[in-house]
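Here's the structure, in C-alpha cells; my notes come after.
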Amino acid sequence: MKIFIDGKFYSERDAKVSVFDHGLLYGDGIFEGIRAYNGRVFKLKEHIDRLFCSAKAILLEIPMSHEKISEAVLETCRKNKLRDGYIRLVVTRGVGSLGLNPKSCKRPSVIIIAGSIQLYPPEFYAKGLTIITVPTARNLHSALNPAIKSLNYLNNILAKIEANNGGCEEAVMLNAEGYVAECTGDNLFIVKSGELFTPPLSAGALYGITRQTVIELAQEDGLKVSEPNLTRYDLFNADECFLTGTGAELIPVVKIDGRVIGNGKLGALTRKLVADYRALTKVSGEPIV
Ligand code: PMP
C-alpha cells in the first residue's frame with residue numbers, strides 16, 4: 001500500500017507521523033472517510049467541502065487547495081490501483097511542542113490512505129442490527145460541536161464501548177436534552193406510516209453525506225422526509241429503522257433497547273432505499289482514471 005503524506009508516497013512501513021504531532025498528542029485535527037465504487041470516488045466534492053468546514057471551525061489552515069486535495073485523493077487511489085474501497089483523508093495540526101497551544105505547530109500534515117473497511121459483518125445487512133441506547137451523551141454543541149469531524153472521537157468511542165459491553169455493534173446516542181442525536185459512526189433514520197424521519201442536525205449529529213444522499217433519494221421516490229426532534233419512544237414505535245454512513249452505507253436496525261422494530265424484519269422502504277443507494281454508487285462519483 002502506498003500512503004500519501006504531505007505530497008509524497010510512502011510504503012505502509014515507512015508511513016509515519018511524529019510523536020510531537022498534535023493530532024496524536026491532543027486529537028487536534030480533522031478527517032474524512034470516503035468510499036470508492038466501480039472506479040469512481042463517491043461524493044468526493046462533498047467530503048472535501050466538509051473537510052474544509054471542519055478545518056474552518058477549528059481554525060486550521062489546510063496547506064492545500066480544494067482541487068489539490070481532490071487530485072491527491074484520486075492519485076492515491078491510482079497509486080494503489082483502488083477501484084472499490086475506503087479512503088481515509090486526515091489533516092493533523094502538525095508537529096508542535098508538548099503544550100497544547102496550536103500556535104507551536106508550524107504546518108498541518110495531510111495524510112491519505114486508500115484501503116478497505118468493513119464496519120459490520122455481512123449478516124447484519126441481511127438480518128438487521130440490534131442496538132442499544134448508551135449512557136454517554138453526544139457532545140454538546142457549545143463544547144465540541146458534533147458537526148466537526150475532528151480526530152477527537154473519544155465521545156463516540158466511549159459510546160461504542162458501552163454498546164459492545166451490552167453485546168451490540170452500535171449505539172444510539174442521545175443529546176443532553178434526551179433527544180436522539182445519532183449513532184457512534186452513523187446517522188439514524190426511522191420510517192413511520194410511510195414517511196421518513198431523521199433527527200435534525202441541531203440535535204447533535206454529523207452533517208452526514210450519506211444522510212443527505214438518502215434524503216434526496218427518498219424525495220425522488222416521492223417520500224415525505226422530515227427532521228423533527230425524536231425521542232426513544234419514536235424509535236421504539238417506528239415501522240422501520242436504519243443507519244447511514246459512508247462506511248456502513250445503509251444498515252437496517254430491527255431491535256432497539258429490547259423493543260422489536262416493526263415486524264422485526266427488513267422493511268420495504270429500507271430495502272428500496274438500499275437498492276437506490278447501491279444503484280447511485282455504481283454510476284456516480286469522480287472518475288479515478
Ligand atoms: N455520524 C458520525 C459520528 C460519523 O462518524 C459518521 C461517519 N462515519 C456519520 C455520522 C455518517 O456520515 P457520512 O454519511 O458522511 O459518512
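Just follow the structure's listing: the first ligand is 1, and inside any ligand the first atom is 1. The first residue in the sequence is number 1, and the count goes up from there. If you're wondering where the values come from, they're calculated on a predicted model, not measured in any experiment.
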Heavy-atom side-chain proximity of Thr231 to Val180 below 4.5 angstrom: no
Any idea how Phe4 and Phe9 line up, ring-wise: parallel (<30°), tilted (30 to 60°), or perpendicular (>60°)? perpendicular
Identify the protein atoms, limited to N or O, that lie within less than 3.5 Å of an N or O atom of ligand 1, and list each pair with its distance to 0.1 Å.
residue	atom	partner	partner atom	Å
ligand 1	1 (N)	Glu182	OE1	2.6
ligand 1	5 (O)	Lys149	NZ	3.2
ligand 1	5 (O)	Tyr153	OH	2.4
ligand 1	8 (N)	Gly185	O	3.0
ligand 1	14 (O)	Ile209	N	3.3
ligand 1	14 (O)	Thr210	N	2.9
ligand 1	14 (O)	Thr210	OG1	2.6
ligand 1	15 (O)	Arg50	NH1	2.7
ligand 1	15 (O)	Arg50	NH2	3.1
ligand 1	15 (O)	Ile209	N	2.7
ligand 1	16 (O)	Thr246	N	2.9
ligand 1	16 (O)	Thr246	OG1	2.6

Tell me whether the count of non-hydrogen atoms from other residues, nucleotides or ligands lying under 6.0 Å of OH in Tyr179 goes above 12. no
Ile215 versus Phe189: any side-chain heavy-atom pair under 4.5 Å? yes
Aromatic Tyr86 / basic Arg35 pairing, under 6.0 angstrom, 45° off normal: no
List, one per line, each side-chain donor-acceptor pair under 3.5 Å for residues 114-122, sequence neighbours excluded.
residue	atom	partner	partner atom	Å
Gln118	NE2	Tyr120	O	3.0
Tyr120	OH	Glu170	OE2	3.1
Tyr120	OH	Asp186	OD2	2.7

